[in-house]
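Report on one structure; see the data block that follows.
Note that the structure is a prediction, hence the values are computed from the model and not measured. Computed from heavy atoms alone, side chains included, the values below leave out hydrogens, waters and symmetry copies.
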There are 2 protein chains.
Amino acid sequence: MELRQLRYFLKAKELLNFTEAANQLNISQSTLSQQIKQLEEEINVPLFNRIGKRITLTEAGLLFSEFAFQSVSRANDGLIMMKDLNNLNVGSLSIGVTYALRNLLTRALILFSEKFPDIKVKIVFGTSTELIDRLNSTELDFVLTFREQADDVHLRYRSLFSSPMTLVVSKNSNIAGRSSISLKEIMDLPLAFPDSGYSTIQFINNLLKLKKLKPNVLVEINDISTLLELVKTGVWNTILTQVSVDDIGLSTIPIQGKNMLREATVISLKDAYQKKAAEAFQNYL
Amino acid sequence: MELRQLRYFLKAKELLNFTEAANQLNISQSTLSQQIKQLEEEINVPLFNRIGKRITLTEAGLLFSEFAFQSVSRANDGLIMMKDLNNLNVGSLSIGVTYALRNLLTRALILFSEKFPDIKVKIVFGTSTELIDRLNSTELDFVLTFREQADDVHLRYRSLFSSPMTLVVSKNSNIAGRSSISLKEIMDLPLAFPDSGYSTIQFINNLLKLKKLKPNVLVEINDISTLLELVKTGVWNTILTQVSVDDIGLSTIPIQGKNMLREATVISLKDAYQKKAAEAFQNYL
DNA sequence: ATTTTTAAATCGGTTTTTACGATTGATTTA
DNA sequence: TAAATCAATCGTAAAAACCGATTTAAAAAT
């Protein structure tokens with residue numbers, strides 16, 4: 001039993017005329033006769049009464065047509081659904097993102113949802129390594145994070161922009177106006193740092209280790225919003241990537257030195273199918 | 001799109017292994033690859049991610065599989081319906097049942113077989129979840145079990161009767177005559193329990209956890225007949241649903257408290273065609 | 001009553017599709 | 001590093017779908 005046969009049967013049932021049905025199906029009358037016959041042999045019961053040259057539907061034909069119709073319909077519906085998926089009318093998207101790029105993500109999300117209101121979006125915050133793991137197990141469609149040292153051959157990297165590391169200070173700070181600052185100078189300031197799980201802080205710590213500098217870390221906290229609130233008080237300062245601090249009401253001072261640029265990157269699985277929705281979302285980043 | 005391709009796809013989706021799927025479908029692996037590819041080209045979206053040699057379902061694949069399954073199911077149901085029409089006196093019936101309802105089933109089976117001696121009946125014992133899985137994969141026509149908490153929209157439930165939970169003791173037990181007993185009292189008795197895979201025991205364990213009671217379980221066993229033999233010795237007692245213990249030569253004492261009723265239920269697939277034989281069998285339950 | 005027309009079934013041959021085995025390429029496991 | 005595993009691909013063989021022509025038989029027209 002094949003959908004083709006069911007389609008032929010339904011058309012024949014509709015018109016009760018094999019020749020005309022064959023015409024509308026763009027096949028020959030002989031083909032239609034053969035295929036109907038084959039179907040009847042498989043289900044072991046005639047679908048049509050052949051009274052002379054006139055055909056009528058049998059009881060079995062009537063009962064069977066309901067199933068044939070539904071089978072064909074469901075297949076067609078599946079096709080339609082796939083078309084919808086291609087047109088981004090349905091679907092879902094799972095995005096992994098590090099806290100540092102939260103602003104970037106939310107800005108894009110607002111625009112994307114406006115344009116594609118029917119796509120369900122799931123946002124997963126986490127550390128880079130955790131998110132990459134989830135990407136590899138296809139839980140996520142793509143990950144938004146800073147580029148790490150080692151490339152993975154299974155992953156595709158798409159750089160968005162570079163953002164400098166900056167010292168974040170209260171607007172009232174007496175160094176708020178400065179155009180740049182050295183790492184060494186920062187060592188004398190009271191600091192509040194993000195939790196060491198974050199890639200930004202790992203990046204910084206690696207740098208400091210290399211230069212044998214010791215920061216004066218008074219607070220360590222795993223929530224960036226709260227961290228920024230702390231910095232606003234003027235008591236502590238922190239180090240973050242520039243892009244994390246936009247529009248927050250704080251002053252930022254670029255840190256001197258090379259290697260002070262971090263690359264915001266979209267990471268996806270190289271060989272997996274990239275959803276249309278994922279592509280579309282990335283255009284808003 | 002043809003049913004053949006949908007069937008191939010569903011098997012590949014089930015096993016997530018083209019080679020094995022091809023084996024089970026009795027076709028070559030190359031054929032399967034080709035047909036899947038052809039289907040993907042028609043719907044214009046990949047159904048599987050090919051990450052190296054590993055295969056995972058895409059979002060589109062998951063969405064599409066629902067339609068594919070229904071399309072194939074409807075066609076199969078049509079075929080079954082025709083077979084039923086043809087010969088009401090032959091056919092086969094696959095029934096899933098939990099051990100607790102063994103008596104109910106065997107009684108019905110005896111009557112049914114007398115009336116319809118030519119219908120082959122296959123009985124599958126198992127846990128509720130296992131049987132529901134098999135029902136969903138259309139291996140079983142219906143499942144006979146106790147009603148669980150969560151309803152599934154794809155399933156149809158038909159309640160048969162309620163049966164109380166009872167303490168099962170030897171006829172010689174000094175508490176054999178009692179008209180009821182509390183859970184608390186039972187905690188002091190030496191108990192033999194069914195394997196924790198059985199829904200009855202999960203039901204009981206949930207209750208005990210809620211009431212923070214600790215039963216004195218000395219034996220755990222995954223065969224109900226043997227369990228009942230043990231109880232006959234008078235050394236151990238057990239808890240079962242009343243209906244499991246009828247006509248066994250043991251005393252039962254209803255357990256006090258509400259929520260002590262379990263509903264014996266016939267579960268079948270909501271949208272699938274129900275065989276005449278299945279209907280007939282259920283009349284004897 | 002006979003002829004004509006109409007429509008389904010059947011037959012032989014052609015084209016298309018499906019399937020297979022062998023091989024390749026890539027990945028995972030030992 | 002070698003062996004095993006698995007999906008993709010290629011060329012070919014088998015199966016099927018399809019077509020046109022013809023046959024058969026009933027209805028319609030004469």
ask   = Which whole-number value in Å describes the distance from B:Gln24 CD to D:dC6 C1'?
value = 16 Å
remark   = Contacts of B:Phe9 meeting ring pair (Phe, Tyr, Trp, His ring centres under 6.0 Å) (sequence neighbours excluded), chain-then-number -> B:Phe48, B:Phe64
Between C:dC20 (P) and B:Asn23 (CG): distance, integer Å = 11 Å
Please report, to 0.1 Å, the donor-acceptor pairs under 3.5 Å made by any side chain of residues 121-128 of chain A, with sequence neighbours excluded.
from     : atom 1 : to       : atom 2 : distance (Å)
A:Thr127 : OG1    : A:Glu130 : N      : 3.4
A:Ser128 : OG     : A:Thr145 : OG1    : 2.8
A:Ser128 : OG     : A:Glu148 : OE2    : 3.4

request  = Would you please say whether a donor-acceptor pair under 3.5 Å links the side chains of A:Gln38 and A:Gln34?
outcome  = no
ask   = For the helix from C:dA1-D:dT30 to C:dA30-D:dT1, what is the angle between the axes at its two ends, each from 5 pairs, rounded to 10°?
value = 30°
ask   = Can you tell me how far C1' of C:dT6 sits from CG of A:Leu15, to the nearest Å?
value = 16 Å
remark   = With sequence neighbours left out, the residues meeting side chain to side chain donor-acceptor pair (under 3.5 Å) with A:Thr200 are A:Arg262
remark   = The side-chain contact (heavy atoms from CB on, under 4.5 Å) partners of B:Ile80 (sequence neighbours excluded) come to B:Asp77, B:Tyr273, B:Lys275
message = Nearest whole Å is fine: how far is C:dA19 P from B:Ile36 CD1?
response = 12 Å
Interatomic distance where CG belongs to A:Leu32 and C1' belongs to C:dT10 [whole Å] = 14 Å
key: With sequence neighbours excluded, residues passing salt bridge (Lys or Arg N to Asp or Glu O under 4.0 Å) with B:Glu42   = none
ask   = For every nucleotide of nucleotides 8-22 of chain D, 5' to 3': is a protein heavy atom under 4.0 Å from its base (B), only from its sugar-phosphate (S), or from neither (-)?
value = BB------SSBBB--
task = Just jot down the side chain to side chain donor-acceptor pair (under 3.5 Å) partners of A:Thr265, sequence neighbours excluded, or say none.
result = none
query = Within less than 4.0 Å of OP1 or OP2 of C:dT6, is there a side-chain N or O belonging to A:Asn17?
reply = no
query = Whole Å only: how far is the CG atom of B:Leu6 from the P atom of C:dT18?
reply = 13 Å
task = Output yes when a side-chain donor or acceptor of B:Gln70 lies under 3.5 Å from a complementary backbone atom of B:Phe67, and no otherwise.
result = no
request  = Take the protein atom CG of A:Leu39 and the nucleotide atom P of C:dA9, then report the distance between them rounded to whole Å.
outcome  = 13 Å
note = When rounded to whole Å, the CZ to P distance for the pair B:Phe48 and D:dA7 reads 10 Å
Review item, side-chain donor-acceptor pairs of residues 18-28 of chain B, under 3.5 Å, at least two apart:
from    : atom 1 : to      : atom 2 : distance (Å)
B:Glu20 : OE2    : B:Gln24 : NE2    : 3.2
B:Gln24 : OE1    : B:Lys11 : NZ     : 3.1
B:Ser28 : OG     : B:Ser30 : OG     : 3.2
B:Ser28 : OG     : B:Thr31 : N      : 3.2
B:Ser28 : OG     : B:Thr31 : OG1    : 2.9

